[in-house]
Protein chains: 2
Amino acid sequence: MIDTSSAETGTQLPLYKEVKRLLTMSLAEGEWQPGVALPSETRLGERFRVSIGTVRKAIDELVAERILVRHQGRGTYVASHNARRTLFHFFHIVPASGGKEPPQTELLSFERAKAGANDAARLNIAPGAPVFRIRNLLRLADRPVVLDEITLPVERFRGLSEKMFRERDSTIYQLYQERYSINVVRSAERLSATLADRPSAKLLQVAAGTPLLRINRTALTYHNVPVELRTSLVNTADHEYFSDLGKN
Amino acid sequence: MIDTSSAETGTQLPLYKEVKRLLTMSLAEGEWQPGVALPSETRLGERFRVSIGTVRKAIDELVAERILVRHQGRGTYVASHNARRTLFHFFHIVPASGGKEPPQTELLSFERAKAGANDAARLNIAPGAPVFRIRNLLRLADRPVVLDEITLPVERFRGLSEKMFRERDSTIYQLYQERYSINVVRSAERLSATLADRPSAKLLQVAAGTPLLRINRTALTYHNVPVELRTSLVNTADHEYFSDLGKN
DNA sequence: TAGTGGTCTAGACCACGTG
DNA sequence: ACGTGGTCTAGACCACTAC
(Lines give C-alpha, C1' and ligand atoms only; values in the text may rest on other atoms or scores of the structure.)
Protein backbone atom coordinates (compact mmCIF):
# COMPACT_ATOMS: atom_id res chain seq x y z
CA MET A 1 0.00 0.00 0.00
CA ILE A 2 1.21 3.47 -0.90
CA ASP A 3 1.32 6.20 1.69
CA THR A 4 -1.09 8.88 0.54
CA SER A 5 -1.03 10.98 3.67
CA SER A 6 0.87 14.21 3.61
CA ALA A 7 2.60 15.21 6.80
CA GLU A 8 2.70 18.84 5.74
CA THR A 9 -0.91 19.43 4.84
CA GLY A 10 -2.67 16.56 6.51
CA THR A 11 -4.52 16.16 3.20
CA GLN A 12 -5.61 12.67 2.23
CA LEU A 13 -5.23 11.92 -1.47
CA PRO A 14 -7.28 9.09 -2.90
CA LEU A 15 -5.13 6.10 -3.76
CA TYR A 16 -6.07 6.16 -7.43
CA LYS A 17 -5.03 9.82 -7.69
CA GLU A 18 -1.65 8.91 -6.27
CA VAL A 19 -1.38 6.05 -8.76
CA LYS A 20 -2.31 8.48 -11.53
CA ARG A 21 0.40 10.86 -10.37
CA LEU A 22 3.00 8.10 -10.36
CA LEU A 23 1.92 6.97 -13.82
CA THR A 24 2.11 10.53 -15.15
CA MET A 25 5.57 10.96 -13.64
CA SER A 26 6.78 7.79 -15.32
CA LEU A 27 5.32 9.02 -18.58
CA ALA A 28 7.00 12.41 -18.24
CA GLU A 29 10.30 10.68 -17.52
CA GLY A 30 9.90 8.60 -20.64
CA GLU A 31 9.73 5.23 -18.89
CA TRP A 32 7.14 4.24 -21.48
CA GLN A 33 7.54 5.65 -24.95
CA PRO A 34 4.62 6.73 -27.11
CA GLY A 35 3.20 3.89 -29.14
CA VAL A 36 4.30 1.14 -26.77
CA ALA A 37 2.18 -0.75 -24.30
CA LEU A 38 2.29 -0.16 -20.56
CA PRO A 39 2.56 -3.16 -18.25
CA SER A 40 -0.76 -4.91 -17.87
CA GLU A 41 -3.20 -3.63 -15.28
CA THR A 42 -2.49 -6.69 -13.17
CA ARG A 43 1.25 -5.93 -13.15
CA LEU A 44 0.69 -2.26 -12.41
CA GLY A 45 -1.50 -3.28 -9.50
CA GLU A 46 1.34 -5.42 -8.15
CA ARG A 47 3.88 -2.67 -8.73
CA PHE A 48 1.90 -0.06 -6.82
CA ARG A 49 0.50 -2.57 -4.33
CA VAL A 50 -3.09 -1.69 -5.12
CA SER A 51 -6.01 -3.63 -6.53
CA ILE A 52 -6.62 -3.75 -10.25
CA GLY A 53 -9.75 -1.64 -9.79
CA THR A 54 -7.71 1.23 -8.40
CA VAL A 55 -5.26 1.02 -11.30
CA ARG A 56 -8.18 1.04 -13.68
CA LYS A 57 -9.63 4.17 -12.15
CA ALA A 58 -6.28 5.96 -12.51
CA ILE A 59 -5.97 4.82 -16.13
CA ASP A 60 -9.58 5.82 -16.77
CA GLU A 61 -8.70 9.44 -16.10
CA LEU A 62 -5.54 9.36 -18.22
CA VAL A 63 -7.57 7.85 -21.05
CA ALA A 64 -10.17 10.61 -20.64
CA GLU A 65 -7.35 13.14 -20.97
CA ARG A 66 -6.17 11.32 -24.10
CA ILE A 67 -2.78 10.61 -22.57
CA LEU A 68 -3.31 6.87 -22.74
CA VAL A 69 -5.25 4.68 -25.16
CA ARG A 70 -6.75 1.30 -24.34
CA HIS A 71 -7.03 -1.53 -26.81
CA GLN A 72 -9.05 -4.48 -25.65
CA GLY A 73 -7.08 -7.69 -25.93
CA ARG A 74 -3.84 -5.88 -26.68
CA GLY A 75 -2.99 -3.51 -23.88
CA THR A 76 -2.86 0.12 -22.78
CA TYR A 77 -0.67 2.40 -24.88
CA VAL A 78 0.90 5.82 -24.61
CA ALA A 79 -0.98 8.02 -27.05
CA SER A 80 1.17 8.62 -30.09
CA HIS A 81 1.17 11.62 -32.40
CA ASN A 82 0.20 10.17 -35.71
CA ALA A 83 -1.41 12.25 -38.45
CA ARG A 84 -4.88 11.12 -37.47
CA ARG A 85 -4.62 12.16 -33.85
CA THR A 86 -3.14 15.54 -34.68
CA LEU A 87 -5.87 16.20 -37.21
CA PHE A 88 -8.59 15.14 -34.83
CA HIS A 89 -7.49 16.72 -31.57
CA PHE A 90 -5.21 19.61 -32.48
CA PHE A 91 -6.40 20.88 -35.85
CA HIS A 92 -9.75 22.60 -35.56
CA ILE A 93 -10.16 24.11 -39.02
CA VAL A 94 -12.90 22.53 -41.08
CA PRO A 95 -14.37 23.36 -44.48
CA ALA A 96 -17.59 25.38 -44.19
CA SER A 97 -19.17 22.43 -45.94
CA GLY A 98 -17.57 19.02 -46.10
CA GLY A 99 -15.33 16.88 -43.96
CA LYS A 100 -12.03 17.57 -42.29
CA GLU A 101 -8.85 16.93 -44.23
CA PRO A 102 -5.16 17.12 -43.31
CA PRO A 103 -3.34 20.31 -44.37
CA GLN A 104 -0.25 20.47 -46.57
CA THR A 105 2.51 22.45 -44.90
CA GLU A 106 5.07 24.72 -46.55
CA LEU A 107 7.95 26.02 -44.45
CA LEU A 108 8.32 29.76 -44.94
CA SER A 109 11.06 30.66 -42.48
CA PHE A 110 13.10 29.32 -39.61
CA GLU A 111 14.88 31.79 -37.33
CA ARG A 112 16.37 32.28 -33.91
CA ALA A 113 15.11 35.17 -31.82
CA LYS A 114 14.78 36.36 -28.26
CA ALA A 115 11.57 35.83 -26.35
CA GLY A 116 9.52 38.96 -25.70
CA ALA A 117 7.97 39.56 -22.31
CA ASN A 118 4.67 38.13 -23.41
CA ASP A 119 5.98 34.94 -24.99
CA ALA A 120 8.38 34.43 -22.12
CA ALA A 121 5.57 34.60 -19.61
CA ARG A 122 3.44 32.17 -21.57
CA LEU A 123 6.35 29.75 -22.03
CA ASN A 124 7.50 30.18 -18.46
CA ILE A 125 11.03 31.13 -19.50
CA ALA A 126 13.14 34.22 -18.86
CA PRO A 127 12.43 37.32 -20.97
CA GLY A 128 15.07 37.53 -23.68
CA ALA A 129 15.76 33.80 -23.58
CA PRO A 130 16.49 32.35 -27.04
CA VAL A 131 13.63 30.89 -29.02
CA PHE A 132 13.09 29.38 -32.44
CA ARG A 133 10.54 31.10 -34.61
CA ILE A 134 9.10 29.04 -37.44
CA ARG A 135 6.55 30.18 -39.99
CA ASN A 136 4.45 27.80 -42.05
CA LEU A 137 1.80 28.14 -44.71
CA LEU A 138 -0.94 25.53 -44.58
CA ARG A 139 -2.92 24.58 -47.63
CA LEU A 140 -6.27 22.84 -47.78
CA ALA A 141 -7.40 21.47 -51.12
CA ASP A 142 -4.38 23.23 -52.61
CA ARG A 143 -5.56 26.65 -51.43
CA PRO A 144 -3.60 28.61 -48.79
CA VAL A 145 -5.79 28.92 -45.68
CA VAL A 146 -3.65 29.16 -42.55
CA LEU A 147 -0.50 31.09 -41.69
CA ASP A 148 1.28 29.67 -38.64
CA GLU A 149 3.97 31.25 -36.50
CA ILE A 150 5.49 28.83 -34.00
CA THR A 151 7.63 29.85 -31.04
CA LEU A 152 9.76 27.25 -29.29
CA PRO A 153 12.17 27.66 -26.38
CA VAL A 154 15.69 26.77 -27.58
CA GLU A 155 16.35 25.30 -24.17
CA ARG A 156 13.90 22.45 -24.77
CA PHE A 157 14.66 22.04 -28.46
CA ARG A 158 18.44 22.20 -28.64
CA GLY A 159 19.81 21.42 -32.08
CA LEU A 160 16.51 21.90 -33.85
CA SER A 161 17.25 22.77 -37.45
CA GLU A 162 15.48 24.10 -40.47
CA LYS A 163 16.38 20.86 -42.21
CA MET A 164 14.48 18.81 -39.65
CA PHE A 165 11.43 20.94 -40.22
CA ARG A 166 11.74 20.96 -43.97
CA GLU A 167 12.41 17.27 -44.42
CA ARG A 168 10.04 15.83 -41.86
CA ASP A 169 7.53 13.35 -43.25
CA SER A 170 5.40 13.45 -40.12
CA THR A 171 3.40 15.97 -38.15
CA ILE A 172 5.15 18.67 -36.14
CA TYR A 173 4.08 17.19 -32.82
CA GLN A 174 5.42 13.86 -33.98
CA LEU A 175 8.76 15.60 -34.57
CA TYR A 176 8.77 16.97 -31.03
CA GLN A 177 7.96 13.53 -29.76
CA GLU A 178 10.52 11.55 -31.72
CA ARG A 179 13.43 13.98 -31.56
CA TYR A 180 12.93 15.59 -28.18
CA SER A 181 10.67 13.18 -26.28
CA ILE A 182 8.27 16.06 -25.80
CA ASN A 183 4.72 14.82 -25.88
CA VAL A 184 2.09 17.49 -26.44
CA VAL A 185 -1.01 16.29 -24.65
CA ARG A 186 -3.27 19.34 -24.55
CA SER A 187 -3.71 22.79 -25.99
CA ALA A 188 -5.48 25.97 -24.91
CA GLU A 189 -6.53 28.46 -27.54
CA ARG A 190 -7.69 32.07 -27.55
CA LEU A 191 -9.39 33.39 -30.66
CA SER A 192 -9.93 36.87 -32.00
CA ALA A 193 -10.68 38.61 -35.26
CA THR A 194 -8.16 40.76 -37.09
CA LEU A 195 -7.40 42.22 -40.52
CA ALA A 196 -4.88 40.85 -42.99
CA ASP A 197 -1.77 42.99 -43.30
CA ARG A 198 0.03 43.13 -46.64
CA PRO A 199 2.49 40.25 -46.22
CA SER A 200 -0.12 37.94 -44.71
CA ALA A 201 -2.63 38.87 -47.37
CA LYS A 202 -0.17 38.07 -50.11
CA LEU A 203 0.64 34.66 -48.67
CA LEU A 204 -3.01 33.80 -48.14
CA GLN A 205 -3.90 35.18 -51.56
CA VAL A 206 -6.51 37.58 -50.25
CA ALA A 207 -6.87 41.34 -50.35
CA ALA A 208 -5.18 43.36 -47.62
CA GLY A 209 -7.84 44.18 -45.03
CA THR A 210 -9.61 40.85 -45.35
CA PRO A 211 -10.91 39.72 -41.95
CA LEU A 212 -8.92 36.81 -40.54
CA LEU A 213 -9.35 34.58 -37.55
CA ARG A 214 -6.40 34.74 -35.19
CA ILE A 215 -5.72 31.73 -32.94
CA ASN A 216 -3.28 31.97 -30.07
CA ARG A 217 -2.40 28.48 -28.97
CA THR A 218 -0.37 27.26 -26.04
CA ALA A 219 0.59 23.60 -26.36
CA LEU A 220 1.15 21.75 -23.09
CA THR A 221 2.87 18.54 -22.11
CA TYR A 222 2.49 16.44 -18.96
CA HIS A 223 1.72 18.36 -15.76
CA ASN A 224 0.44 21.25 -17.92
CA VAL A 225 3.93 22.47 -18.74
CA PRO A 226 3.86 24.83 -21.77
CA VAL A 227 6.23 23.85 -24.58
CA GLU A 228 5.07 25.64 -27.72
CA LEU A 229 3.30 28.85 -28.70
CA ARG A 230 1.55 29.15 -32.01
CA THR A 231 -0.29 32.02 -33.63
CA SER A 232 -2.45 31.09 -36.59
CA LEU A 233 -4.08 33.45 -39.06
CA VAL A 234 -6.97 31.76 -40.80
CA ASN A 235 -8.85 32.80 -43.90
CA THR A 236 -12.40 31.85 -42.93
CA ALA A 237 -13.95 32.56 -46.31
CA ASP A 238 -14.45 28.84 -46.91
CA HIS A 239 -13.38 27.36 -43.58
CA GLU A 240 -14.37 27.61 -39.94
CA TYR A 241 -12.96 26.88 -36.52
CA PHE A 242 -14.90 24.06 -34.93
CA SER A 243 -15.28 23.97 -31.17
CA ASP A 244 -17.25 21.23 -29.54
CA LEU A 245 -16.78 21.46 -25.83
CA GLY A 246 -18.54 18.83 -23.80
CA LYS A 247 -18.02 16.03 -26.25
CA ASN A 248 -14.59 14.65 -27.18
CA MET B 1 -31.43 -7.96 -14.75
CA ILE B 2 -32.20 -5.89 -17.83
CA ASP B 3 -32.23 -7.44 -21.25
CA THR B 4 -29.47 -5.77 -23.23
CA SER B 5 -29.57 -8.04 -26.24
CA SER B 6 -31.09 -6.70 -29.42
CA ALA B 7 -32.95 -9.21 -31.57
CA GLU B 8 -32.55 -7.02 -34.63
CA THR B 9 -28.84 -6.40 -34.61
CA GLY B 10 -27.53 -9.06 -32.33
CA THR B 11 -25.50 -6.29 -30.71
CA GLN B 12 -24.71 -6.59 -27.02
CA LEU B 13 -24.88 -3.30 -25.13
CA PRO B 14 -23.04 -3.08 -21.83
CA LEU B 15 -25.44 -3.00 -18.91
CA TYR B 16 -24.22 0.37 -17.69
CA LYS B 17 -24.83 1.89 -21.13
CA GLU B 18 -28.39 0.62 -20.98
CA VAL B 19 -28.77 2.09 -17.50
CA LYS B 20 -27.38 5.36 -18.79
CA ARG B 21 -29.89 5.34 -21.64
CA LEU B 22 -32.76 4.74 -19.23
CA LEU B 23 -31.55 7.52 -16.95
CA THR B 24 -31.24 9.93 -19.88
CA MET B 25 -34.75 9.02 -21.04
CA SER B 26 -36.16 9.71 -17.60
CA LEU B 27 -34.32 13.02 -17.57
CA ALA B 28 -35.65 13.95 -21.01
CA GLU B 29 -39.16 13.09 -19.89
CA GLY B 30 -38.76 15.32 -16.88
CA GLU B 31 -39.08 12.60 -14.27
CA TRP B 32 -36.42 14.43 -12.29
CA GLN B 33 -36.38 18.19 -12.52
CA PRO B 34 -33.19 20.25 -12.59
CA GLY B 35 -31.96 21.09 -9.13
CA VAL B 36 -33.52 18.10 -7.41
CA ALA B 37 -31.84 14.93 -6.27
CA LEU B 38 -32.17 11.62 -8.07
CA PRO B 39 -32.94 8.51 -6.03
CA SER B 40 -29.87 7.21 -4.24
CA GLU B 41 -27.51 4.93 -6.10
CA THR B 42 -28.73 2.02 -3.98
CA ARG B 43 -32.35 2.66 -4.98
CA LEU B 44 -31.45 3.09 -8.65
CA GLY B 45 -29.62 -0.22 -8.46
CA GLU B 46 -32.76 -1.87 -7.12
CA ARG B 47 -34.94 -0.17 -9.72
CA PHE B 48 -32.84 -1.35 -12.65
CA ARG B 49 -31.90 -4.64 -11.00
CA VAL B 50 -28.19 -3.99 -11.29
CA SER B 51 -25.41 -3.61 -8.77
CA ILE B 52 -24.53 -0.23 -7.39
CA GLY B 53 -21.22 -0.32 -9.26
CA THR B 54 -23.04 -0.49 -12.58
CA VAL B 55 -25.27 2.44 -11.62
CA ARG B 56 -22.18 4.39 -10.62
CA LYS B 57 -20.54 3.78 -13.97
CA ALA B 58 -23.62 5.06 -15.79
CA ILE B 59 -23.79 8.13 -13.55
CA ASP B 60 -20.03 8.67 -13.99
CA GLU B 61 -20.56 9.28 -17.68
CA LEU B 62 -23.53 11.58 -17.16
CA VAL B 63 -21.47 13.56 -14.67
CA ALA B 64 -18.61 13.77 -17.19
CA GLU B 65 -21.12 15.20 -19.69
CA ARG B 66 -22.25 17.69 -17.06
CA ILE B 67 -25.79 16.40 -17.14
CA LEU B 68 -25.67 15.30 -13.50
CA VAL B 69 -23.81 16.67 -10.51
CA ARG B 70 -22.77 14.64 -7.49
CA HIS B 71 -22.60 16.05 -3.97
CA GLN B 72 -21.01 13.80 -1.41
CA GLY B 73 -23.32 13.20 1.50
CA ARG B 74 -26.29 14.88 -0.21
CA GLY B 75 -27.06 13.09 -3.42
CA THR B 76 -26.86 13.25 -7.21
CA TYR B 77 -28.61 16.19 -8.83
CA VAL B 78 -29.82 17.20 -12.25
CA ALA B 79 -27.52 19.99 -13.39
CA SER B 80 -29.36 23.29 -13.15
CA HIS B 81 -28.88 26.38 -15.26
CA ASN B 82 -27.79 28.97 -12.79
CA ALA B 83 -25.78 32.03 -13.72
CA ARG B 84 -22.53 30.39 -12.70
CA ARG B 85 -22.95 27.32 -14.87
CA THR B 86 -23.98 29.34 -17.91
CA LEU B 87 -21.01 31.62 -17.50
CA PHE B 88 -18.61 28.76 -17.04
CA HIS B 89 -19.76 26.30 -19.67
CA PHE B 90 -21.65 28.30 -22.29
CA PHE B 91 -20.07 31.74 -22.33
CA HIS B 92 -16.58 31.65 -23.78
CA ILE B 93 -15.76 35.34 -24.07
CA VAL B 94 -13.06 36.50 -21.69
CA PRO B 95 -11.25 39.83 -21.29
CA ALA B 96 -7.88 39.83 -23.05
CA SER B 97 -6.49 40.39 -19.57
CA GLY B 98 -8.42 39.66 -16.44
CA GLY B 99 -11.04 37.21 -15.27
CA LYS B 100 -14.38 36.22 -16.71
CA GLU B 101 -17.43 38.20 -15.74
CA PRO B 102 -21.14 37.77 -16.50
CA PRO B 103 -22.52 39.97 -19.29
CA GLN B 104 -25.39 42.42 -19.02
CA THR B 105 -28.05 41.75 -21.62
CA GLU B 106 -30.21 44.29 -23.44
CA LEU B 107 -33.09 43.00 -25.57
CA LEU B 108 -33.00 44.67 -28.98
CA SER B 109 -35.82 42.94 -30.83
CA PHE B 110 -38.21 40.02 -30.66
CA GLU B 111 -39.88 38.80 -33.85
CA ARG B 112 -41.56 35.88 -35.51
CA ALA B 113 -40.16 34.68 -38.81
CA LYS B 114 -39.98 31.64 -41.06
CA ALA B 115 -36.98 29.34 -40.92
CA GLY B 116 -34.68 29.49 -43.92
CA ALA B 117 -33.33 26.31 -45.44
CA ASN B 118 -30.12 26.54 -43.45
CA ASP B 119 -31.66 27.20 -40.04
CA ALA B 120 -34.31 24.58 -40.67
CA ALA B 121 -31.69 21.95 -41.41
CA ARG B 122 -29.69 22.84 -38.33
CA LEU B 123 -32.79 22.82 -36.12
CA ASN B 124 -34.16 19.69 -37.76
CA ILE B 125 -37.47 21.36 -38.59
CA ALA B 126 -39.28 21.93 -41.89
CA PRO B 127 -38.08 24.81 -44.08
CA GLY B 128 -40.46 27.72 -43.63
CA ALA B 129 -41.57 26.54 -40.19
CA PRO B 130 -42.19 29.44 -37.79
CA VAL B 131 -39.35 30.55 -35.55
CA PHE B 132 -38.73 33.25 -32.99
CA ARG B 133 -35.85 35.55 -33.70
CA ILE B 134 -34.43 37.45 -30.75
CA ARG B 135 -31.58 39.92 -30.80
CA ASN B 136 -29.59 40.91 -27.73
CA LEU B 137 -26.75 43.27 -27.00
CA LEU B 138 -24.33 42.02 -24.36
CA ARG B 139 -22.22 44.41 -22.33
CA LEU B 140 -19.08 43.64 -20.38
CA ALA B 141 -17.84 46.26 -17.95
CA ASP B 142 -20.55 48.55 -19.37
CA ARG B 143 -19.09 48.36 -22.87
CA PRO B 144 -21.02 46.67 -25.71
CA VAL B 145 -19.05 43.61 -26.81
CA VAL B 146 -21.39 40.96 -28.22
CA LEU B 147 -24.37 41.09 -30.56
CA ASP B 148 -26.52 37.95 -30.35
CA GLU B 149 -29.18 36.71 -32.73
CA ILE B 150 -31.14 33.76 -31.37
CA THR B 151 -33.37 31.50 -33.45
CA LEU B 152 -35.91 29.26 -31.71
CA PRO B 153 -38.47 26.89 -33.22
CA VAL B 154 -41.95 28.12 -32.28
CA GLU B 155 -43.04 24.51 -32.03
CA ARG B 156 -40.88 23.94 -28.97
CA PHE B 157 -41.39 27.37 -27.44
CA ARG B 158 -45.13 28.00 -27.84
CA GLY B 159 -46.29 31.15 -26.13
CA LEU B 160 -42.84 32.61 -25.75
CA SER B 161 -43.19 36.37 -25.47
CA GLU B 162 -41.06 39.45 -25.61
CA LYS B 163 -42.19 40.19 -22.07
CA MET B 164 -40.72 36.92 -20.80
CA PHE B 165 -37.42 37.80 -22.39
CA ARG B 166 -37.44 41.37 -21.24
CA GLU B 167 -38.46 40.74 -17.64
CA ARG B 168 -36.47 37.61 -16.93
CA ASP B 169 -34.14 37.86 -13.96
CA SER B 170 -32.25 34.72 -14.89
CA THR B 171 -30.15 33.43 -17.74
CA ILE B 172 -31.74 32.56 -21.06
CA TYR B 173 -31.09 28.85 -20.65
CA GLN B 174 -32.70 29.06 -17.23
CA LEU B 175 -35.76 30.52 -18.94
CA TYR B 176 -35.90 27.59 -21.38
CA GLN B 177 -35.58 25.23 -18.48
CA GLU B 178 -38.17 26.75 -16.19
CA ARG B 179 -40.81 27.68 -18.75
CA TYR B 180 -40.39 24.92 -21.31
CA SER B 181 -38.56 22.15 -19.46
CA ILE B 182 -35.90 22.32 -22.14
CA ASN B 183 -32.52 21.63 -20.66
CA VAL B 184 -29.56 22.72 -22.79
CA VAL B 185 -26.76 20.31 -21.99
CA ARG B 186 -24.20 20.94 -24.72
CA SER B 187 -23.29 23.32 -27.50
CA ALA B 188 -21.28 23.10 -30.70
CA GLU B 189 -19.77 26.25 -32.14
CA ARG B 190 -18.24 27.25 -35.45
CA LEU B 191 -16.17 30.41 -35.58
CA SER B 192 -15.15 32.71 -38.38
CA ALA B 193 -13.96 36.26 -38.92
CA THR B 194 -16.09 38.92 -40.54
CA LEU B 195 -16.43 42.69 -40.91
CA ALA B 196 -18.89 44.86 -39.03
CA ASP B 197 -21.71 46.13 -41.20
CA ARG B 198 -23.22 49.53 -40.41
CA PRO B 199 -26.00 48.51 -38.01
CA SER B 200 -23.78 46.09 -36.09
CA ALA B 201 -20.97 48.62 -35.94
CA LYS B 202 -23.31 51.23 -34.50
CA LEU B 203 -24.59 48.90 -31.79
CA LEU B 204 -21.11 47.73 -30.87
CA GLN B 205 -19.80 51.30 -31.02
CA VAL B 206 -17.05 50.52 -33.50
CA ALA B 207 -16.29 51.76 -36.99
CA ALA B 208 -17.95 49.97 -39.89
CA GLY B 209 -15.45 47.50 -41.30
CA THR B 210 -14.00 46.59 -37.91
CA PRO B 211 -13.09 42.88 -37.81
CA LEU B 212 -15.49 40.87 -35.68
CA LEU B 213 -15.53 37.29 -34.50
CA ARG B 214 -18.65 35.44 -35.62
CA ILE B 215 -19.80 32.46 -33.57
CA ASN B 216 -22.42 30.07 -34.89
CA ARG B 217 -23.74 28.04 -32.01
CA THR B 218 -26.11 25.11 -31.96
CA ALA B 219 -27.44 24.38 -28.48
CA LEU B 220 -28.43 20.78 -27.82
CA THR B 221 -30.55 19.05 -25.23
CA TYR B 222 -30.64 15.37 -24.24
CA HIS B 223 -29.89 12.87 -27.02
CA ASN B 224 -28.17 15.67 -28.96
CA VAL B 225 -31.43 17.20 -30.11
CA PRO B 226 -30.88 20.78 -31.36
CA VAL B 227 -33.13 23.37 -29.71
CA GLU B 228 -31.55 26.77 -30.33
CA LEU B 229 -29.37 28.51 -32.89
CA ARG B 230 -27.34 31.54 -31.97
CA THR B 231 -25.10 33.76 -34.03
CA SER B 232 -22.84 36.05 -32.03
CA LEU B 233 -20.78 38.93 -33.34
CA VAL B 234 -17.95 39.75 -30.97
CA ASN B 235 -15.74 42.80 -30.82
CA THR B 236 -12.41 41.20 -29.95
CA ALA B 237 -10.52 44.46 -29.43
CA ASP B 238 -10.40 43.82 -25.68
CA HIS B 239 -11.87 40.31 -25.43
CA GLU B 240 -11.14 36.85 -26.76
CA TYR B 241 -12.87 33.55 -27.27
CA PHE B 242 -11.39 30.96 -24.96
CA SER B 243 -11.31 27.34 -26.04
CA ASP B 244 -9.77 24.72 -23.83
CA LEU B 245 -10.50 21.35 -25.30
CA GLY B 246 -9.21 18.43 -23.30
CA LYS B 247 -9.83 19.92 -19.92
CA ASN B 248 -13.31 20.66 -18.54
C1' DT C 1 -27.58 8.84 14.05
C1' DA C 2 -28.82 7.74 9.51
C1' DG C 3 -28.25 8.24 4.71
C1' DT C 4 -25.56 9.70 0.88
C1' DG C 5 -21.79 9.51 -2.36
C1' DG C 6 -16.40 8.26 -2.53
C1' DT C 7 -12.85 4.81 -2.27
C1' DC C 8 -10.89 0.33 -2.34
C1' DT C 9 -10.84 -4.44 -2.72
C1' DA C 10 -11.43 -9.27 -4.69
C1' DG C 11 -13.13 -12.25 -7.83
C1' DA C 12 -15.88 -14.04 -11.77
C1' DC C 13 -16.81 -13.98 -16.42
C1' DC C 14 -16.75 -11.99 -21.24
C1' DA C 15 -14.72 -10.09 -25.66
C1' DC C 16 -10.88 -9.37 -28.24
C1' DG C 17 -6.22 -9.98 -30.32
C1' DT C 18 -2.22 -12.82 -30.95
C1' DG C 19 0.17 -16.90 -31.53
C1' DA D 1 -4.60 -21.49 -25.59
C1' DC D 2 -3.29 -17.47 -23.43
C1' DG D 3 -3.07 -12.74 -21.97
C1' DT D 4 -5.21 -8.41 -22.37
C1' DG D 5 -8.69 -5.03 -21.30
C1' DG D 6 -14.14 -4.70 -20.44
C1' DT D 7 -18.03 -5.67 -17.55
C1' DC D 8 -20.46 -6.83 -13.47
C1' DT D 9 -20.95 -8.03 -8.87
C1' DA D 10 -20.71 -7.80 -3.62
C1' DG D 11 -19.11 -5.99 0.33
C1' DA D 12 -16.32 -3.11 3.51
C1' DC D 13 -15.07 1.19 5.11
C1' DC D 14 -14.56 6.38 4.82
C1' DA D 15 -16.16 11.35 4.36
C1' DC D 16 -19.66 14.40 4.19
C1' DT D 17 -24.46 16.27 5.05
C1' DA D 18 -28.57 16.70 7.36
C1' DC D 19 -31.37 16.18 11.32
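Proteins get letters first, then strands, A, B, ... in listed order; numbering begins at 1 in each. We use all heavy atoms of the structure for the numbers below, so side chains are in, but hydrogens, waters and symmetry mates are not.
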Expected list for residues 94-104 of chain B: side-chain donor-acceptor pairs under 3.5 angstrom, two or more places apart:
residue, atom, partner, partner atom, Å
Lys100(B), NZ, Leu87(B), O, 2.9
Lys100(B), NZ, Phe91(B), O, 2.8
Glu101(B), OE2, Ala141(B), N, 3.3

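- Contact annotation: Lys57(A) side-chain N/O to dC8(C) OP1/OP2 distance is not under 4.0 Å.
- At the heavy-atom level, Thr42(A) lies nowhere under 4.0 Å from the strands shown.
- Side-chain proximity of Gln72(A) to the nucleotides dC8(D), dG5(D), dT9(C) is greatest for dG5(D).
- Within the 4.0 Å cut-off from OP1 or OP2 of dT4(C), at least one side-chain nitrogen or oxygen of Ser40(B) is found.
- Distances from the side chain of Arg74(B) to the nucleotides dT4(C), dT17(D), dT9(C) place dT17(D) closest.
- Using a 4.5 Å heavy-atom threshold, the side chains of Leu229(A) and Thr218(A) count as touching.
- Side-chain nitrogen and oxygen atoms of Thr76(B) include at least one within less than 4.0 Å of the OP1 or OP2 phosphate oxygen of dG5(C).
- Closest to the Glu41(B) side chain, of the nucleotides dG5(C), dC8(D), dT4(C), is dG5(C).
- Note: CZ (Arg49(A)) to C1' (dT7(C)) measures 20 Å, nearest angstrom.
- Residues Ser51(A) and His71(A) both approach DNA chain C. Their nearest nucleotides, taken by heavy-atom distance, put Ser51(A) toward the 5′ side.
- Taking atom OH on Tyr77(A) and atom C1' on dC16(C), their separation rounds to 12 Å, with Å as the unit.
- Separating the OH atom of Tyr16(B) from the P atom of dG5(D) is a distance of 16 Å, rounded to the nearest angstrom.
- Electrostatic pairing of Lys17(B) and Glu61(B) counts as a salt bridge here, judged by a charged N lying under 4.0 Å from a carboxylate O.
- The nearest whole Å value for the distance from the CG atom in Leu38(A) to the P atom in dT4(D) is 12 Å.
- In this structure, Arg56(B) reaches the dG6(C) phosphate: one of its side-chain N or O atoms is under 4.0 Å from OP1 or OP2.
- In this entry the distance linking CG of Leu62(A) with C1' of dG5(D) reads 16 Å, nearest Å.
- Rounding to whole angstrom units, CD1 of residue Ile52(A) and P of dG6(D) are separated by 10 Å.
- In this structure, the CG atom of Leu15(A) is 15 Å from the C1' atom of dA15(D), given to the nearest Å.
- Here dC14(D) presents its C1' atom at 15 Å from CG of Leu13(A), a figure rounded to the nearest Å.
- Between Phe90(A) and His81(A), the ring planes lie tilted relative to each other; the angle falls in the 30° to 60° range.
- With a 4.5 Å cut-off on side-chain heavy atoms, Val50(A) and Tyr16(A) do not count as touching.
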